[in-house]
Amino acid sequence: MQLIETILALALTLGILVTLHEYGHFWVARRFGVKVLRFSVGFGKPMFSWYDRHGTEFAIAAIPLGGYVKMLDEREAPVPEELRDQAFSSKPPSQRIAIAAAGPVANFLFAVFAYWLLGLVGVTHVAPIVGSVSEDSVAEQMGLREGMEIHGVDGHRVTSWRDVNMRLLERAGEHGPVSMEVSDSGATGSITGELGGWRLSTEAPDPLGEFGITPWRPDVPPILGQIVDSGRAKQAGLQPGDEILAIDGEAIGSWFELVEAVKAAPEQVLELTVSRDGAERTVQVRPEAKTLESGETIGFVGAGVQPFSWPEEALRDISYGPLAAIPNALEETWADTRLTLVAIKKMVTGLLSPSNLSGPITIARVAEASVSSGFEDFIRFLAYLSISLGVLNLLPVPVLDGGHIVYYTIEAIRGKPLSEQAQLFGLRIGMTLILTLMIFALYNDLMRL
């Protein structure tokens, strides 16, 4: 059942983004009088197809990992004389550049709309309040302390831990000062520290943790909520409402202490002191070993926390009017675009491990998680993935839209296109590079399973 849900989440996510991307190409091509032969979402043999009044075939194909817009083009097949003016190849370079760029532009416009919608609807964030600071970390050296709330990083406003994470990720591996705007007990100010080449883990980057920050969390009692039917907790006889008082004789004071104790004991027998209906009893459970994407193995028993509420003072409601939401949406889109570019740069220079490159399996798992976690998370995930798709397609690599734009720009400057031999050579390089990246991303996905 979970596999089906994951596949459906992947199909939904990629279907939305691919349709938007290809519609950008399609819409601009139609505006310039290019005859579109096929608009396909997915690759392979069409499962469903229909034609519009212009003779364009719209198809949904079996492999939901991309799509394409096929246009009338003399380079692919002979074009009748009466249709020559509708061929893509007959259009001036400026129009072909616009058609190639329209797909990525559609992705960016969707992200702007998505963030505008979130701003209009309003979202609630957990405030970035510092819980603790690690010794000898950059955070400690710059003067961050427990209880401080972070309002800005390097002059950029932040309202959530996601924002802080993104800003810190941009500074990974750099030297020089880093500044934060903070408040503490009602007083506001700015603190500054030296990065000193601060680096992220090559395998599982955790900007907050490696910077030295642990977010503040409320005291949550170690009371069990949901129990997974096939989990070790259920097998041991644990029930919703059970309060865990101790593990192996060591008192447990909060849910987070319980989680850490279970994670640290994969396939080890733990003796739990449990309070149920006012009576204490002892239960033995052996946490199942679970391997994370980072390669770390942790214990897992299949139990969730009893629902709790964050205190009002730790929450921040963010919403805008229809007009005020526009600059916020543009800022969010640019922040994600910059993060994607920085991540590519850091991966090329070795500051981020290529093992962080993800393929369809990871996208499917994240898509499933974001769909099930709610509207806001799913829209944010779609927006960020759409921006990533737009940025990657604009890279000057033959096969991608950016590579075509380079070719057409050279043609506009020279007054004639590059030779077929030069274009074929570039195509081979581009195909080799893209296939290599796809295989490497799929390999990373399989290693995370």
Side-chain angles (χ1 to χ4, degrees), residues 111-112 114-134 137-174 176-195 198 200 205-218 310-320 324-343 346 352 370 376-377 379-381 383-384 387-388:
V112 172
Y115 283 128
W116 176 83
L117 181 62
L118 287 177
L120 193 64
V121 172
V123 295
T124 300
H125 296 304
V126 174
I129 300 172
V130 178
S132 63
V133 176
S134 304
S137 64
V138 178
E140 183 187 54
Q141 293 168 13
M142 73 183 300
L144 272 178
R145 298 190 305 274
E146 179 182 351
M148 284 184 170
E149 180 176 350
I150 303 172
H151 299 282
V153 179
D154 291 333
H156 299 284
R157 181 175 62 93
V158 296
T159 59
S160 67
W161 284 118
R162 174 183 179 273
D163 295 342
V164 177
N165 253 316
M166 290 174 62
R167 296 301 177 189
L168 293 180
L169 180 59
E170 290 183 25
R171 301 300 307 278
E174 297 181 11
V178 58
S179 64
M180 291 185 178
E181 289 73 49
V182 299
S183 63
D184 188 13
S185 302
T188 60
S190 179
I191 57 177
T192 304
E194 289 292 324
L195 287 169
W198 165 69
L200 292 173
D206 174 18
L208 276 182
E210 293 172 68
F211 196 79
I213 301 173
T214 299
W216 177 84
R217 298 177 293 197
W310 285 82
E312 288 294 325
E313 60 270 19
L315 299 176
R316 301 291 179 267
D317 295 319
I318 310 296
S319 62
Y320 303 90
I326 296 174
N328 177 71
L330 292 172
E331 182 181 345
E332 291 269 16
T333 301
W334 170 238
D336 283 359
T337 302
R338 184 176 57 246
L339 177 63
T340 303
L341 291 170
V342 168
K346 292 185 185 298
L352 272 179
S370 63
E376 179 191 344
D377 287 339
I379 294 299
R380 282 190 178 277
F381 173 68
Y384 184 73
I387 289 169
S388 299

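Heavy atoms only, all atoms of each residue included: V342 and L169 are closest at CG1-O, 4.5 Å. Between M142 and G193 the shortest heavy-atom distance is CB-CA, 3.6 Å. Nearest heavy-atom pair across W116 and A325 is CD1-CB, 3.4 Å. Scanning both residues, G122 and S319, for their nearest heavy atoms gives CA-CB, 3.7 Å. For P218 against W310, the heavy-atom pair with the smallest separation is CD-CZ3, 3.1 Å. Residues V164 and P128 share a closest heavy-atom pair of CG2-CB, 4.0 Å.
Judged as a side chain to side chain contact (heavy atoms under 4.5 Å, CB included), and not counting sequence neighbours, the contacts of P177 are T192, E194. The side chain to side chain contact (heavy atoms under 4.5 Å, CB included) search around T124 returns L315, D317, not counting sequence neighbours. Partners of T159 by side chain to side chain donor-acceptor pair (under 3.5 Å), not counting sequence neighbours, listed by chain and number: D163. Not counting sequence neighbours, Q141 has no partner by the side chain to side chain contact (heavy atoms under 4.5 Å, CB included) test. Partners of Y384 by ring-ring contact (aromatic ring centres under 6.0 Å, His included), not counting sequence neighbours: none found. Residues meeting the side chain to side chain donor-acceptor pair (under 3.5 Å) test with S183, sequence neighbours left out: H151. With sequence neighbours left out, the side chain to side chain contact (heavy atoms under 4.5 Å, CB included) criterion links A139 to V133, S137, L144, F211, I213.
You'll find the side chain of T340 reaches within 4.5 Å of the side chain of I387, heavy atoms only. At least one side-chain heavy atom of E376 sits under 4.5 Å from a side-chain heavy atom of L118.
Residue pairs that meet the salt bridge (charged side-chain N to carboxylate O under 4.0 Å, His left out) test with at least one member in residues 114-127, sequence neighbours left out, do not exist here. The list of salt bridge (charged side-chain N to carboxylate O under 4.0 Å, His left out) pairs with a residue in residues 141-157, not counting sequence neighbours, reads R145-D184, E149-R316, D154-R171.
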Go through the steps for W161 and L208 under the test side chain to side chain contact (heavy atoms under 4.5 Å, CB included), then give the verdict.
CA-CA 8 Å; W161 284 118; L208 276 182; 3.5 Å; yes
Please test H156 against E170 for side chain to side chain contact (heavy atoms under 4.5 Å, CB included), starting from the C-alpha separation and ending with a verdict.
CA-CA 12 Å; H156 299 284; E170 290 183 25; 5.6 Å; no
Taking it one step at a time, do I150 and E181 satisfy side chain to side chain contact (heavy atoms under 4.5 Å, CB included)?
CA-CA 6 Å; I150 303 172; E181 289 73 49; over 6 Å; no
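Interatomic distance, M166 CE to E332 CD, rounded to the nearest 0.5 Å: 7.0 Å. Considering CD1 of I129 and CE of M148, their distance stands at 12.5 Å, rounded to 0.5 Å. Y115 OH to E331 CD: the interatomic distance, rounded to the nearest 0.5 Å, is 11.5 Å.
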